[in-house]
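Read the structure below first, then the notes.
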Number of protein chains: 2
Amino acid sequence: MKLSDGIEQALHCATLLASLPNGGLLSAKAMADFHGVSPSYLLKHLQALSKADLLHTEPGPRGGYRLARAPDQITLLDVVLAVEGPEPAFRCKEIRQNGPNPLPASHFKAPCQINAAMLRAERAYRTELCAVTLADLLADLAAADDGSIAARGCAFFDEHMRRSKPDPTPTT
Amino acid sequence: MKLSDGIEQALHCATLLASLPNGGLLSAKAMADFHGVSPSYLLKHLQALSKADLLHTEPGPRGGYRLARAPDQITLLDVVLAVEGPEPAFRCKEIRQNGPNPLPASHFKAPCQINAAMLRAERAYRTELCAVTLADLLADLAAADDGSIAARGCAFFDEHMRRSKPDPTPTT
DNA sequence: GAATCGTGGATGATATTTATCCGTGAATTG
DNA sequence: CAATTCACGGATAAATATCATCCACGATTC
């Protein structure tokens, strides 16, 4: 059982976008540079998040990605399912019925208890992920540090962050 | 995220062995036939279970595998970890620190909240698996059906089941 | 009309699954 | 008591699925 690296990238990008002021955009390339990961691979996962309606995309030269919903309306589970797919990790192949000497059919009326137990565990996993939103992560970050990432005014964001609406901000 | 098929095979074999009368043995080939799976692949996982001290192996012409402990002393988590390895599915690569314009070091004093949340979910998963023993599975089976698998006296078991000793003494 | 960005499919790399071979240990047999 | 047979143990290699990367296309802005 191994989770793909794309999960970590997608989660960090989502958190990053959540930390931007409302309407803030970042291009895929900017996020790839910021995290030091392959742009092509990141693109793939950003597209998955877009298709899952978690991100909204703004095309064109001043385009980029922004959250499609408020940070407290996006859970970690949303992101994980968008990238990894909705299927459970454990797929019961019903090998108990494969044998050359099958057991009486009455034995299989009941669902496979092994499958049931594995899916129960997986549901606990998802429940835990569903309980955490992007907003929660930002709050924890703000508690440990004293401000959101973007609020610190890194040169990186001054350079790459954009706004979805043409907002003529006075240059200071 | 996909769990290997070997997990299902290992779990079913463990449950099968647990359903045998005390001291009952089955060869790897017999279990592979019974489940209709590749013997070589199953062998690999049975060996993993042996190394994890979940199964005990009896060599020789009348040999095979039996449980190393009582069914209520083996949890699903034991089996899953023996096959999949102990490492968590989510490995934080700390990509937040990779960027060309690193954030101030104070930002990284706190552990990555994303990593923490993912590991918390994984712990919930394992806790759930740890709560179920092979004995629990047999009990559920007995409730749905009216007897354990082996107790039904299938021809298959009459043919392949063996006993480790003429005087089976349950080990602790 | 040219440059920039997101979209989608095609390609190579890596991990997983499957299959095969030979070595070791134990019980049966003569 | 030694040769034979059966079953596990471990290494190796081919086939397959998945992961990661790259390249061409259409859309949008300046």
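In what follows, every chain begins at residue 1, and chains take the letters A, B, ... in the order their sequences are listed.
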Of all residues at least two apart in sequence or in a different chain, which pass the side chain to side chain donor-acceptor pair (under 3.5 Å) check with A:S27? none
So, do B:R66 and B:E58 sit near enough that their side-chain heavy atoms are less than 4.5 Å apart? yes
Would you give me the side-chain donor-acceptor pairs under 3.5 Å for residues 40-54 of chain B, sequence neighbours excluded?
{"residue": "B:S40", "atom": "OG", "partner": "B:S38", "partner atom": "OG", "Å": "3.4"}
{"residue": "B:Y41", "atom": "OH", "partner": "B:H45", "partner atom": "NE2", "Å": "3.3"}

Protein heavy-atom contacts under 4.0 Å, written 5' to 3' over nucleotides 21-30 of chain C as B (base), S (sugar-phosphate only) or - (none), form the string ----BBS---
For atom CG of B:L3 and atom P of D:dA17, their distance in whole Å: 18 Å
Grab the CG-C1' distance between B:D5 and D:dA17 for me, whole Å please. 11 Å
So do the side chains of B:Q113 and A:L138 get within less than 4.5 Å of each other, counting heavy atoms only? no
Anything under 3.5 Å between a protein N or O and an N or O of nucleotides 23-26 of chain D, put it in a table, one pair a line.
none

Any heavy-atom pair between the side chains of A:C112 and B:H12 that's under 4.5 Å? yes
Across all chains, not counting sequence neighbours, the side chain to side chain donor-acceptor pair (under 3.5 Å) partners of A:R123 are none
According to side-chain contact (heavy atoms from CB on, under 4.5 Å), who are the partners of A:E122, at least two apart in sequence or on a separate chain? A:P88, A:A89, A:F90, A:L119, A:R126, B:Y125
So the side-chain hydrogen bond (donor to acceptor under 3.5 Å, both in side chains) pairs with at least one residue in residues 70-81 of chain A (sequence neighbours excluded) are A:T75-A:D78
Please identify which of these residues, B:L81, B:T133, B:V132, B:I7, meets the side chain to side chain contact (heavy atoms under 4.5 Å, CB included) condition with B:L76. B:V132
Evaluate the side-chain proximity of A:L16 to A:M31: yes if any heavy-atom separation is below 4.5 Å, no if none is. yes
How would you label the contact of B:G6 with the nucleic acid (heavy atoms, under 4.0 Å): base, sugar-phosphate, or nothing? nothing
d(NZ, A:K29; P, D:dC22) in whole Å: 14 Å
Please name all residues satisfying side chain to side chain donor-acceptor pair (under 3.5 Å) with A:T57, sequence neighbours left out, ordered by chain then number. none
In whole angstroms, the gap separating P of C:dT16 from NE2 of B:H45 amounts to 11 Å
Report for the helix from C:dG1-D:dC30 to C:dG30-D:dC1: angle between first-end and last-end helix axes, five pairs each, rounded to 10 degrees. 0°
Tell me the interatomic distance from A:K2, atom NZ, to C:dT14, atom P, rounded to whole angstroms. 11 Å
Any N/O pairs under 3.5 Å between the protein and nucleotides 9-16 of chain D? List them or say none.
{"residue": "D:dG9", "atom": "OP2", "partner": "B:Y65", "partner atom": "OH", "Å": "2.8"}

Using whole Å, what does the distance between atom C1' of nucleotide D:dC22 and atom CG of A:L42 come to? 15 Å
I need the CZ-P distance between B:R91 and C:dA15, as an integer number of Å. 11 Å
Between C:dG6 atom C1' and A:L25 atom CG, what is the distance in whole Å? 13 Å
Checking A:R120 now: which residues fulfil salt bridge (Lys or Arg N to Asp or Glu O under 4.0 Å) with it, not counting sequence neighbours? none
Excluding sequence neighbours, so at least two apart, what forms side chain to side chain donor-acceptor pair (under 3.5 Å) with B:D5? A:K93
Identify the heavy atoms of A:L25 and A:R62 that sit nearest to each other, and give their distance. CD1-O, 3.8 Å
Would one find a side-chain N or O of B:S38 under 4.0 angstrom from OP1 or OP2 of C:dA19? yes
